[in-house]
Amino acid sequence: MAIRISNMNDLQKALQPVMVKMVDQLAERVYETLNFFLHDYYEGWKPDSYSRTEAFLRSAVKVDARMEGNKAVASVYIDLDSMNDYVNATGYQVAQWANTGSHGGLYVSHKPHVWADTLDNTINNGSLLNLAIQYLRSHGIAVRN
């Protein structure tokens with residue numbers, strides 16, 4: 001069904017559903033990548049002096065895309081408050097350690113930098129941009145890169 005567009009407001013309304021779905025798919029890719037590195041972080045080292053709660057492993061959050069004013073937005077983050085059961089460490093400290101390749105302040109081999117590696121493998125390498133371009137083209141929107 002064709003949509004009649006006679007002004008910029010009509011165009012904005014017509015594009016909103018496409019943009020929200022695209023942003024949601026982009027956020028899902030970031031969320032999947034973050035979870036990949038969280039799992040890699042956990043599988044790369046096994047503690048022998050304590051039992052894991054796995055709170056950090058399950059701390060990734062994705063907030064579905066929505067319109068805020070004239071922008072489609074979504075969020076992906078590590079829920080620092082979900083890690084309130086650690087002894088002698090805050091959720092923020094745990095996330096910082098994981099982003100420096102450390103586990104509980106100990107530097108061990110095979111540690112991804114959880115958040116930095118997520119950004120490197122989604123935004124910084126251009127794959128998220130390419131995904132956005134593919135999505136827009138698949139919806140009939142001409143995009144040049």
Any link between [X] and [Y] through a network of hydrophobic side chains (Ile, Leu, Val, Met, Phe, Trp, Tyr) touching at under 4.5 Å?
X: V20; Y: V18; value: no
X: I78; Y: I123; value: yes
X: L80; Y: L57; value: yes
X: M67; Y: V23; value: no
X: V61; Y: Y42; value: no

State the [atom1]-[atom2] distance between [X] and [Y], to the nearest 0.5 angstrom.
X: Q93; Y: M83; atom1: CD; atom2: CE; value: 10.5 Å
X: I5; Y: L11; atom1: CD1; atom2: CG; value: 5.0 Å
X: L136; Y: I141; atom1: CG; atom2: CD1; value: 5.0 Å
X: Q96; Y: S102; atom1: CD; atom2: OG; value: 10.5 Å
X: R29; Y: N121; atom1: CZ; atom2: CG; value: 11.0 Å

Give the C-alpha distance, both sets of side-chain angles, the deciding distance and a yes or no for salt bridge (Lys or Arg N to Asp or Glu O under 4.0 Å) between D79 and R58.
-> CA-CA 9 Å; D79 181 7; R58 296 185 307 275; over 6 Å; no

[X] and [Y]: which non-hydrogen atoms are nearest, and at how many Å?
X: Y77; Y: L34; result: O-CD2, 4.2 Å
X: S59; Y: S82; result: CB-OG, 3.7 Å
X: A74; Y: V63; result: CB-O, 3.5 Å

Side chain to side chain contact (heavy atoms under 4.5 Å, CB included) evaluation trace for Y41 with F56 | CA-CA 10 Å; Y41 179 81; F56 185 51; 4.0 Å; yes

Is the closest side-chain heavy-atom distance between [X] and [Y] below 4.5 Å?
X: T118; Y: E32; value: no
X: N99; Y: D117; value: no
X: M22; Y: Q25; value: no

Determine, stepwise, if the pair Y135 / L26 fulfils side chain to side chain contact (heavy atoms under 4.5 Å, CB included).
-> CA-CA 10 Å; Y135 184 89; L26 298 177; over 6 Å; no

More than 12 heavy atoms of other residues, nucleotides or ligands under 6.0 Å from CG of N84: is that the case?
-> yes

Got a donor-acceptor contact below 3.5 angstrom from the D120 side chain to the N125 backbone?
-> no

Would you say R137's side chain and V143's backbone share a donor-acceptor pair under 3.5 angstrom?
->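 Yes, because the side chain of R137 sits within donor-acceptor range (under 3.5 Å) of the backbone of V143.
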
Given side chain to side chain contact (heavy atoms under 4.5 Å, CB included), test L38 with N35 step by step and report yes or no.
-> CA-CA 5 Å; L38 283 169; N35 275 298; 3.9 Å; yes

Test side chain to side chain contact (heavy atoms under 4.5 Å, CB included) on D10 and R4 and set out the steps.
-> CA-CA 8 Å; D10 291 345; R4 182 179 168 98; 6.0 Å; no

Salt-bridge criterion met for D64 and R66 (N-O under 4.0 Å) | no

